[in-house]
Number of protein chains: 2
Amino acid sequence: MDSGEQVQQRARPRRVTAAMVAARAGVSVATVSLVANGKTAGRVSEDNISRVREAIAELGYVVDGIGSSLARGVSSIVILVAPDISNPFFAKVIGGVRESLGPTYQLLLSVTESGEFPKADDVRKLMSLRPAGLLVDAPNAGFLADLSVGGPLVLLDAPGLASVAPAVNLDVAHGARELAAHLAGAGHRRVAYLDSITGTETFTIRREAFLAEAAARGMSVDPSHIPATTIDVGEAAAAFAAAWPEWQREGVTAVACATDTHAYGVLQEARVEGVRIPEELAVAGFDDLPYSATSSPGLTSVHLPAELLGLKAGEQLRRLMEGQALEQEELTLESSLVVRGSTVAAAT
Amino acid sequence: MDSGEQVQQRARPRRVTAAMVAARAGVSVATVSLVANGKTAGRVSEDNISRVREAIAELGYVVDGIGSSLARGVSSIVILVAPDISNPFFAKVIGGVRESLGPTYQLLLSVTESGEFPKADDVRKLMSLRPAGLLVDAPNAGFLADLSVGGPLVLLDAPGLASVAPAVNLDVAHGARELAAHLAGAGHRRVAYLDSITGTETFTIRREAFLAEAAARGMSVDPSHIPATTIDVGEAAAAFAAAWPEWQREGVTAVACATDTHAYGVLQEARVEGVRIPEELAVAGFDDLPYSATSSPGLTSVHLPAELLGLKAGEQLRRLMEGQALEQEELTLESSLVVRGSTVAAAT
DNA sequence: CTGAAAGCGCTTACAG
DNA sequence: CTGAAAGCGCTTACAG
């Protein structure tokens with residue numbers, strides 16, 4: 001008996017087709033298609049509508065996605081391409097996208113090696129799924145050139161690329177300037193910058209905006225005091241360990257990090273070496289990850305609206321997929337500094 | 001000129017079909033299909049193989065995923081259903097899955113409200129994509145009953161459900177017992193447990209194994225000292241704030257948390273209230289998230305092999321999709337305690 | 001309002 | 001070794 005049930009459970013249930021529904025309702029498959037897709041307006045009689053609806057319910061019919069996609073020429077899949085899903089920041093972006101996309105579209109995540117973009121070949125394979133739309137997070141120009149999509153496409157966090165395709169961007173420069181101003185206001189004169197090694201444009205902007213504002217406010221950043229690592233706590237910790245003796249010797253009293261993850265590495269290593277934060281060294285990052293409020297001391301960080309980023313990008317894409325024009329080709333979302341104990345002794 | 005380029009870039013490129021390749025190579029589409037899928041063994045002449053390959057390269061032909069799926073009856077999509085992608089733990093699981101699945105399969109992430117499973121309706125829509133296989137993380141029995149998949153299916157982190165489908169599980173009970181033993185060894189006599197409110201089986205096991213071992217080692221856990229919240233730093237912090245006065249009054253000196261995220265909430269609130277960790281209160285969690293090594297103090301945690309979990313699940317599913325039998329229907333991966341400063345003053 | 005039919009792009013027996 | 005043809009499940013002009 002047991003094994004019987006097992007077998008039954010595993011047996012591939014016979015797929016219910018539109019033809020079966022049509023037979024049961026005594027109509028043509030064309031009529032079934034019309035009803036199943038809600039395109040009945042002035043084209044199907046009330047009588048047939050309810051007949052078909054009943055048959056659909058009885059049989060548990062669901063329009064086959066593959067057959068439908070082939071006939072329409074496009075699927076209901078939206079592909080999200082992103083270089084780094086291990087970043088908690090990104091999980092929030094996904095949440096926003098999901099919300100704005102609604103139940104009509106299936107979200108397919110293109111996952112690759114962390115930090116890498118899919119190769120032209122992978123992209124082709126993805127495109128052969130005939131996606132309804134494409135979302136690309138933090139792209140570089142080269143990848144976009146490879147892409148050459150015809151259909152709806154929206155870029156996320158793609159500063160400078162808004163001419164290539166509609167984009168939703170983050171005004172990271174604003175936050176970077178706030179951070180520099182904050183450090184200058186706290187009396188720092190010599191500061192360091194721990195950069196991200198990823199060639200993404202946003203990191204260039206973060207760094208340049210910070211350096212420019214720092215200079216304007218009378219802080220000096222020695223070019224040799226700008227190490228770079230991948231977005232990894234351990235690597236950031238190692239880079240800081242290697243750099244700290246010289247920084248200390250040369251009177252560096254603050255370090256800005258390209259991401260909070262880099263900053264966690266600094267905090268970790270600082271604890272190991274007994275460097276007092278923020279008294280001996282002020283530390284700050286970008287992203288304002290959920291853990292930045294919990295670390296000790298709390299991490300001063302440039303807050304970026306991750307979920308809103310996903311939400312807006314999803315909305316823009318949706319308009320495109322529905323054939324509407326975009327009111328604005330480029331949206332820019334605000335960033336702002338959140339001050340915590342890692343830069344100010346009094347704060348949390 | 002500019003707008004001309006723009007238009008050209010957006011223009012949907014004409015899809016290259018097998019028929020076009022066939023015409024160019026002077027063969028039939030059947031032959032093109034055989035070559036494109038590498039099924040030429042003893043069926044296509046060398047001459048035609050190279051002819052077709054050339055045409056494919058020249059035209060940039062890619063087998064259409066939709067057409068192919070319809071003809072085969074199954075797509076190359078693997079769907080991963082999971083209740084919580086915002087958990088960094090989960091990002092690692094995904095990484096593991098991606099790696100073991102290889103480039104043949106596309107990974108589609110079914111994203112829902114955090115903590116929720118997709119409804120039967122959503123699942124039906126997903127299944128209409130004719131996935132090659134299904135991966136379900138931390139499922140509850142009800143969801144699986146709804147599912148009733150016919151095809152390849154592997155469960156992740158589904159203790160007690162291995163009879164329903166092949167599963168890869170984590171031996172969280174072992175880690176839970178290690179944790180209880182560790183606390184008892186440190187001299188704690190009265191402890192609390194901050195539980196997760198999600199009805200997932202793994203949390204029941206974590207709690208019960210911990211409580212059983214605690215009792216066996218002479219530690220008492222008052223049933224009223226087992227609050228539960230969602231997996232959220234803020235909520236955990238609030239729950240701890242509400243509970244701490246009583247715990248303190250009654251001599252509770254340690255709290256085990258169902259996840260590291262819960263523990264971060266405790267650490268955060270403890271700092272606010274000036275509770276010294278670990279002197280006044282020892283804190284520990286499960287998951288060993290990357291940030292647990294960075295928090296201050298470092299968080300003692302039961303390490304769970306997230307990436308391996310994804311890797312093994314992907315491997316099992318792959319076997320199933322390739323029609324092979326599984327050597328073992330259920331795999332169980334070890335967990336073990338990582339001791340840090342949140343429970344031992346001397347440690348990091 | 002209704003249904004027969006073509007067509008989406010491919011794969012796979014089948015006959016040669 | 002090769003190709004004509006049927007079929008996968010649906011959608012959409014089209015003729016009625």
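Source: prediction; values computed, not measured. The chains referred to below are lettered A, B, ... by the order of the sequence lines, with proteins before strands, and numbering in each begins at 1.
- Side chain of B:Ser28, nearest nucleotide from C:dG3, D:dG7, D:dG3: D:dG3.
- The two atoms that bring B:Val136 and B:Leu153 nearest to each other are CG2-CD1, 3.8 Å, heavy atoms only.
- At whole-Å resolution of the value, CE in A:Met20 and C1' in D:dG9 are 12 Å apart.
- If you check C:dG9, D:dC10, C:dT12 against the side chain of B:Lys39, the one that comes closest is C:dT12.
- B:Val52 has its side chain out of reach of B:Leu34: every pair of non-hydrogen atoms, C-beta onward, lies at least 4.5 Å apart.
- Here CD1 of A:Ile66 is found 6.0 Å from CD1 of B:Ile77. Values are rounded to the nearest 0.5 Å.
- Where A:Val29 and B:Gly26 meet DNA chain D, the nucleotide closest to each residue was compared, and B:Gly26 sits on the side nearer the 5' end.
- Taking atom CZ of A:Arg72 as the reference point, atom C1' of C:dA6 lies 18 Å away to the nearest angstrom.
- Taking 4.0 Å as the cut-off between side-chain N and carboxylate O, A:Arg318 and A:Glu315 do not count as a salt-bridged pair.
- Remark: C1' of D:dT11 and OH of A:Tyr61 are 10 Å apart, rounded to the nearest angstrom.
- Within a 6.0 Å sphere centred on CD of B:Gln324, other residues, nucleotides and ligands contribute more than 12 heavy atoms.
- Stem analysis of DNA chain D (Watson-Crick or G-U pairs, both distances under 3.5 Å, runs of at least three) returns C:1-3 with D:14-16, C:5-12 with D:5-12, C:14-16 with D:1-3.
- When distances are taken from the side chain of B:Ser68 to each of D:dT11, D:dG3, C:dT11, the shortest belongs to C:dT11.
- Annotation: proximity of residues 40-47 of chain B to DNA chain C (heavy atom, distance under 4.0 Å) is found for no residue.
- Remark: A:Ala30, A:Thr31 in residues 30-37 of chain A come within less than 4.0 Å of DNA chain C through at least one heavy atom.
- Around atom CZ of B:Arg124, no more than 12 heavy atoms belonging to other residues, nucleotides or ligands sit under 6.0 Å away.
- Checking D:dC8, D:dC10, C:dC10 against every side-chain atom of B:Thr17, the shortest atom distance belongs to C:dC10.
- At whole-Å resolution of the value, CZ in B:Arg15 and C1' in C:dC10 are 12 Å apart.
- A close approach under 4.0 Å does occur between a side-chain nitrogen or oxygen of A:Asn48 and OP1 or OP2 of C:dT2.
- Between the CG atom in A:Leu331 and the CG atom in A:Leu326 there is a gap of 7.5 Å [rounded to 0.5 Å].
- Listed for the B:Arg98 side chain is a donor-acceptor partner under 3.5 Å among the backbone atoms of B:Gly102.
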